[in-house]
Amino acid sequence: MKILIINGPNLNLLGKREPEVYGDQSFEAYFENLKLKFKEVELEYFQSNIEGELIGKIQEVGFSYDGIVLNAAAYTHTSVGIGDAIKAVESPVVEVHISNTHQREQFRHVSYISPNAKGVILGFGLKSYELAIRSFLE
Ligand code: DQA
């Protein structure tokens, strides 16, 4: 089973960025824990702050990987292009968010990812990623 985690803009700053919202752990450190937890899964990780690079990666893996776990971050609320890319590929995509976006500003209540995602997991902190991976296994 091959799963790619894709993180969008500013998620490279996890651990430093608004720790009261996103926690104090870097994604790199958390990813090491994930790999230990899911030894049976071929887990990969990609992060970019650039919309086109995120679309390129979805296209690149989206016809061969078993699943994509996508936190498109701020692009969730703006990107028709990422939404279309998810629709275009065959691999199922689970949308994740660290925070509960529905408890936050109104503009975060809109997602261009959700209509084309297999499912959505949000609000469980970094654990949202673990729950998303589990959804592919069970
Ligand atoms: C986020 C929520 C988004 O609204 C925000 O722009 C992010 C992170 C989350 O994981 O909670 O960058 O996707």
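Just so you know, ligand 1 is whichever comes first in the structure, and atom 1 is the first atom listed for that ligand.
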Determine whether the side chains of [X] and [Y] contain a donor N or O and an acceptor N or O closer than 3.5 Å.
{"X": "Glu95", "Y": "Ser111", "answer": "yes"}
{"X": "Asn49", "Y": "Gln47", "answer": "yes"}
{"X": "Tyr112", "Y": "Asp84", "answer": "no"}

Looking only at protein heavy atoms, identify the closest one to [atom] and say how far it is in Å.
{"atom": "atom 2 (C) of ligand 1", "result": "Thr101 CG2, 3.7 Å"}
{"atom": "atom 7 (C) of ligand 1", "result": "Tyr22 OH, 3.4 Å"}
{"atom": "atom 6 (O) of ligand 1", "result": "Arg108 NH1, 3.0 Å"}

Item checked: Selection from Ile113, Ile98, Thr76, Val110 by shortest heavy-atom distance to atom 9 (C) of ligand 1 ->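 Among Ile113, Ile98, Thr76, Val110, the closest heavy atom to atom 9 (C) of ligand 1 comes from Ile98.
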Notebook entry, point to check: Sub-3.5 Å donor-acceptor pair from the side chain of Tyr30 to the main-chain atoms of Leu126, do we have one?
Noted result: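 Such a contact is found between Tyr30 side chain and Leu126 backbone.
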Next item on the list: Please work out whether any backbone atom (N, CA, C, O) or any side-chain heavy atom from C-beta onward of Asn71 is under 4.0 Å from ligand 1, and answer side chain, backbone, both or neither.
Entry: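 Contact part for Asn71 vs ligand 1: side chain (C-beta onward).
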Check: Among the clusters formed by ILVMFWY side chains lying less than 4.5 Å apart, do Phe31 and Phe46 turn up in the same one?
Finding: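 As far as the 4.5 Å side-chain criterion goes, Phe46 and Phe31 are not connected within one cluster.
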Would you mind listing which atoms of ligand 1 come within a distance below 4.0 Å of any non-hydrogen atom of [X]?
{"X": "Ala74", "answer": "6 (O), 12 (O)"}
{"X": "His77", "answer": "3 (C), 4 (O)"}
{"X": "Arg17", "answer": "7 (C), 12 (O)"}

Item checked: Polar contact flag for His97 and ligand 1 (N/O pairs, less than 3.5 Å) ->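 Yes, His97 has an N/O under 3.5 Å of an N/O on ligand 1.
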Margin query: Taking distance alone, with N or O pairs closer than 3.5 Å, would you say Ser99 contacts ligand 1?
Written below: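 N/O-N/O distance under 3.5 Å: yes.
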Next item on the list: Identify the heavy atoms of Ser64 and Ser91 that sit nearest to each other, and give their distance.
Entry: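 In terms of heavy atoms, the two residues are closest at N-OG, 4.2 Å.
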Note to self: Looking at every heavy atom in both Pro9 and Ala72, which two are closest together, and how far apart are they?
What the structure shows: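 Of all heavy-atom pairs spanning Pro9 and Ala72, the closest is CD-O, 3.6 Å.
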